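This one's a predicted model, so the numbers in the text were calculated from it and none came from an experiment.
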Amino acid sequence: SGQPRSAKAQRELSPEEQQELRRKINSRERKRMQDLNIAMDALREVMVPYVSSPSSASSSQSQNPGVAPGRRLSKISTLILARNYILLLGSSLQEMRRLLGELTMGMGINTGPVSRLLLTGGWPLISSPSHILL
DNA sequence: TAGGCCATCTGGTCCT
DNA sequence: AGGACCAGATGGCCTA
């Protein structure tokens, strides 16, 4: 009973049927990995301006270790950069909130919908970047 | 030539 | 039961 059902069921098949089943499983796995790569490419596309901007290109070695300038981002580099970018956006938003708070409270400025959203942390994902850490 | 990156195959496990 | 997900193994390609 220690054997997994699929392996047991597989052994009861004829060699031809086993081969056909293997082909189907391999094909599904290939498709799954291809979908994953499509998603990775989409993420790369978002990250490209962040990585290859002229200002960061020269200093990319210190800021983005493992990222070779002019080359396609590896999967691991894409994920690490995306994480760093999200953290950066989170802290930028926090700073914006702080400045907006100083402005509106210190000067009695009437807050519009955008500033109200920022001040009240209307976007939980960004207001708490740690929620989306791996 | 060594090391990094990647695609593919495979068997096991989890989920519906 | 079948499909999705995962991790290990393997071999190919490319670059320093």
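- A single hydrophobic cluster is not seen to contain both A/I80 and A/L88; linkage of ILVMFWY side chains at heavy-atom distances under 4.5 Å, directly or through other members, places them apart.
- For the pair A/L73 CG and B/dG4 P, the interatomic distance rounds to 18 Å; values are reported in whole Å.
- Distance NZ (A/K75) to P (C/dC6): 13 Å, rounded to an integer number of Å.
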Criterion salt bridge (charged side-chain N to carboxylate O under 4.0 Å, His left out) on A/E20 and A/K24, from CA distance to verdict: CA-CA 6 Å; A/E20 180 56 29; A/K24 275 172 71 177; over 6 Å; no

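- In the interface, the side chain of A/R22 is paired with the base of B/dG11 through a donor and an acceptor atom under 3.5 Å apart.
- Residues A/Y85 and A/L73 share a hydrophobic cluster, clusters being chains of Ile/Leu/Val/Met/Phe/Trp/Tyr side chains in contact below 4.5 Å.
- Listed here is the closest heavy atom pair of A/Q18 and A/L13: NE2-O, 3.3 Å.
- Taking atom CD of A/E29 as the reference point, atom P of B/dC9 lies 9 Å away to the nearest angstrom.
- The separation between A/R72 atom CZ and C/dT15 atom C1' is 15 Å, rounded to whole Å.
- Atoms CZ (A/R44) and P (B/dC6) sit 6 Å apart, rounded to a whole Å.
- Rounded to whole angstrom, the span from the CD1 atom of A/I25 across to the P atom of B/dG11 amounts to 9 Å.
- Separating the CZ atom of A/R23 from the P atom of B/dC9 is a distance of 11 Å, rounded to the nearest angstrom.
- The stretch residues 30-37 of chain A touches DNA chain B through A/R30, A/N37, each having a heavy atom under 4.0 angstrom from the strand.
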